Amino acid sequence: MARPDSEEEAAEDPGHPHANGYLSVLGDGHFQEVITEAQNGPKADSLALNGGPLNSSGASSEALDGLQTPLATEEETQTRLLPTGPGDTTPEAEDPLVPRIALSARRFLVLLIFSLYSLVNAFQWIQYSIITNVFEGFYGVSSLHIDWLSMVYMLAYVPLIFPATWLLNTRGLRLTALLGSGLNCLGAWVKCGSVQPHLFWVTMLGQSLCSVAQVFILGLPSRIASVWFGPKEVSTACATAVLGNQLGTAVGFLLPPVLVPNTQNNTSLLACNISTMFYGTASVSTLLFILTIIAFKEKPKYPPSQAQAALQDSPLEEYSYKKSIRNLFKNIPFVLLLITYGIMTGAFYSVSTLLNQMILKCYEGEEVNAGRIGLTLVVAGMVGSILCGLWLDYTKTYKQTTLLVYILSFVGMVIFTATLDLGYLIIVFITGGVLGFFMTGYLPLGFEFAVEITYPESEGTSSGLLNAAAQIFGILFTLAQGKLISDYRSLAGNIFLCAWMFVGIILTALIKSDLRRHNINIGITNDIKAVPVDSPTDQEPTTVMLPKQSESAM
């Protein structure tokens, strides 16, 4: 979009609103001339307030009576046209006007492709842990070795998140998506060559490649939602993108116990079943990689929101990745969110990784039901994610919703802990579903809340740091809870997580809610600026202060 180089140039183009939602207000002499022309007709369309032409005496009297001109509604904003740049003299009748904001139909295809390859990556994360005892017997290793097949996802993320977010911010969304999908495909094929008892190191190599792919996947939901979706659908889009990862975890809980039953007395049959699972995963990964190459685009032709339009208007050379990181760590609300998100998501990672061991400690021989309980936990969380996304798009109550879901997740964890060893699997199914609804439903809330309080910093950077915190806490919680489960019992490990989640509630309550992106989208800015306007008689510019409207008034 062509922009005026100064406020004076903006004032000389009265047919368009001033930057940041402010309208040009003319001096007395010029204002009277415009009113006279409006009554006589020659230049009746020369001044527009809120997108409408001043073409009658009634309109001119309204302009004179009040200086607090209301900001344009979101519907009017979305239909506003790009202003003509300085020196552009092409007649309007000859060139069709280009819309400044528009929604692309391709956004749904981009979201679908990302969600599907994110699904496969999450499936590969959990496919070992849910049948830990089977892989222990096949490869002849300890349960800790199998746990590391899951924890390598968390370990790889921490050192690689900074180069990954730098790549996203400097080289773009498409390249990052290709790396995520491509490495996920490569890792799946490497694991196909590990279906022999002495080749545990090969399966670890393949899983390590998939863990690197995850670094280029987990930080994208909020970025895709912001770049491709409008303000009324951005939270739902982010929740849907996260949903793909959650669905992959659900499939990872469900399919491995079915595809690879515990037949350790027949090693050849077990190897055949594992091979079927690995080759099936690799085939799907390859198809999705091809679709990513063909259909995944960098960004839509036009920005979908005022917030994205403002970012795209900013000169690229002004961006500094190091400065962006410093700004995020100086943002106290974001630092608090970083810790609380790490605690909640780390607890979810730990429960998911150790669920098989927890269930088998209390219900021996129930590998299939352990997978089903994990499926229930994640499917309930998927429903929670979508409902939370819809709720945020409708209310924009980010802190209140985040705090409420955090509290309910803590309550769910306490109930799950208290009922796990009662001897009734049906109760574990119910409590696992309640826990998953809130704990997994929290994930997109953290992403969207972070984007709001850190705008205009990159969504990829804020999401990447949140995920890095989640991986760190996930490793620590998994090691600590696993040790408590093996040395004592499941109750001790779950109480450990409950204590940390209670700390997270307190820190979440301390977060200050400053919805910067939302304010930009509805036309509210943080500062009140003077708007100078030159009169046609070369007199001193007349300056009028336009008071900022309150958020409630919008």
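Computed from a predicted structure; not experimentally measured.
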Do [X] and [Y] touch side chain to side chain, with heavy atoms closer than 4.5 Å?
X: Leu377; Y: Val351; result: yes
X: Leu173; Y: Lys299; result: no
X: Leu199; Y: Thr203; result: no
X: Pro304; Y: Trp228; result: no
X: Ile415; Y: Leu435; result: no
X: Leu387; Y: Phe437; result: yes
X: Thr249; Y: Phe123; result: no
X: Thr240; Y: Leu112; result: no

Provide the full list of salt bridge (Lys or Arg N to Asp or Glu O under 4.0 Å) pairs with a residue in [range], sequence neighbours left out, each pair given once.
range: residues 426-441; answer: none
range: residues 418-432; answer: Asp421-Arg489
range: residues 425-434; answer: none

Nearest non-hydrogen partners of [X] and [Y], listed with the distance:
X: Pro261; Y: Val258; value: CD-O, 3.7 Å
X: Leu420; Y: Ser490; value: CD2-CB, 3.6 Å
X: Tyr442; Y: Thr402; value: CE1-CG2, 3.5 Å
X: Pro159; Y: Pro163; value: O-CD, 3.6 Å
X: Glu136; Y: Ser143; value: OE2-CB, 3.2 Å
X: Leu484; Y: Ala492; value: CD1-O, 3.8 Å

Distance (rounded to the nearest 0.5 Å) between [X] [atom1] and [Y] [atom2]:
X: Leu220; Y: Asn245; atom1: CG; atom2: CG; answer: 11.0 Å
X: Leu291; Y: Thr286; atom1: CG; atom2: OG1; answer: 11.0 Å
X: Leu422; Y: Ile427; atom1: CG; atom2: CD1; answer: 5.5 Å
X: Met501; Y: Thr508; atom1: CE; atom2: OG1; answer: 10.0 Å
X: Ile373; Y: Phe429; atom1: CD1; atom2: CZ; answer: 4.5 Å
X: Asn327; Y: Ser462; atom1: CG; atom2: OG; answer: 12.5 Å

CA sep, side-chain torsions, deciding dist, call: Val212, Leu179, side-chain contact (heavy atoms from CB on, under 4.5 Å)
CA-CA 9 Å; Val212 176; Leu179 283 172; over 6 Å; no
Reference residue Leu149; test side chain to side chain contact (heavy atoms under 4.5 Å, CB included); the match among Phe200, Tyr139, Phe135:
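Only one of Phe200, Tyr139, Phe135 forms a side chain to side chain contact (heavy atoms under 4.5 Å, CB included) with Leu149, namely Phe200.
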Look at the side chain of [X] and the backbone N and O of [Y], then say whether any donor-acceptor pair between them is shorter than 3.5 Å.
X: Ser409; Y: Met439; value: yes
X: Ser181; Y: Leu178; value: no
X: Arg174; Y: Phe296; value: yes
X: Gln127; Y: Gly252; value: no
X: Asn121; Y: Cys210; value: yes
X: Tyr363; Y: Tyr424; value: yes

Inter- and intrachain pairs under side-chain hydrogen bond (donor to acceptor under 3.5 Å, both in side chains), touching [range], at least two apart:
range: residues 272-285; value: none
range: residues 205-215; value: Lys191-Gln207
range: residues 464-482; value: Tyr157-Asn467, Ser350-Gln481, Gln481-Asn494

Are more than 12 heavy atoms, taken from residues, nucleotides or ligands other than [X], located less than 6.0 Å from that residue's [atom1] atom?
X: Phe108; atom1: CZ; value: yes
X: Trp391; atom1: CH2; value: no
X: Trp148; atom1: CH2; value: yes

Could you check whether Phe477 and Phe496 have their ring centres less than 6.0 Å apart?
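Yes - the distance between ring centres of Phe496 and Phe477 falls below the 6.0 Å cut-off.
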For Ser150, side-chain hydrogen bond (donor to acceptor under 3.5 Å, both in side chains) partners two or more places apart
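With neighbours one apart ignored, the set is Trp125, Thr353.
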Got a sec, which residues hit side-chain hydrogen bond (donor to acceptor under 3.5 Å, both in side chains) with Glu233, two or more places apart in sequence or on another chain?
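side-chain hydrogen bond (donor to acceptor under 3.5 Å, both in side chains) list for Glu233, sorted by chain: Arg107.
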By salt bridge (Lys or Arg N to Asp or Glu O under 4.0 Å) - contacts of Arg372 (at least two apart):
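Not a single residue meets the salt bridge (Lys or Arg N to Asp or Glu O under 4.0 Å) criterion with Arg372.
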Lys297: which residues meet the salt bridge (Lys or Arg N to Asp or Glu O under 4.0 Å) condition with it, sequence neighbours left out?
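Not a single residue meets the salt bridge (Lys or Arg N to Asp or Glu O under 4.0 Å) criterion with Lys297.
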Passes side-chain contact (heavy atoms from CB on, under 4.5 Å), Leu479 versus Lys483? Steps please.
CA-CA 6 Å; Leu479 292 174; Lys483 181 69 174 175; over 6 Å; no
Verdict with reasoning, Val378 to Phe253, per side-chain contact (heavy atoms from CB on, under 4.5 Å):
CA-CA 9 Å; Val378 178; Phe253 280 126; 3.5 Å; yes
Derivation and outcome, side-chain contact (heavy atoms from CB on, under 4.5 Å), residues Leu103 and Tyr302:
CA-CA 7 Å; Leu103 295 178; Tyr302 306 117; over 6 Å; no
Using only heavy-atom distances, determine whether the side chains of Gln357 and Asn133 contain a donor-acceptor pair under 3.5 Å.
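On atom types as modelled, these side chains do not qualify, holding no pair under 3.5 Å.
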Identify, with sequence neighbours excluded, every residue that meets ring pair (Phe, Tyr, Trp, His ring centres under 6.0 Å) alongside Phe114.
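Ring pair (Phe, Tyr, Trp, His ring centres under 6.0 Å) check on Phe114 returns Tyr117.
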Let me check something: any side-chain donor-acceptor pairs from residues 338-347 under 3.5 Å, sequence neighbours excluded? List them with distances.
residue : atom : partner : partner atom : Å
Thr340  : OG1  : Leu336  : O            : 3.2
Thr340  : OG1  : Leu337  : O            : 3.0
Thr345  : OG1  : Tyr341  : O            : 3.0

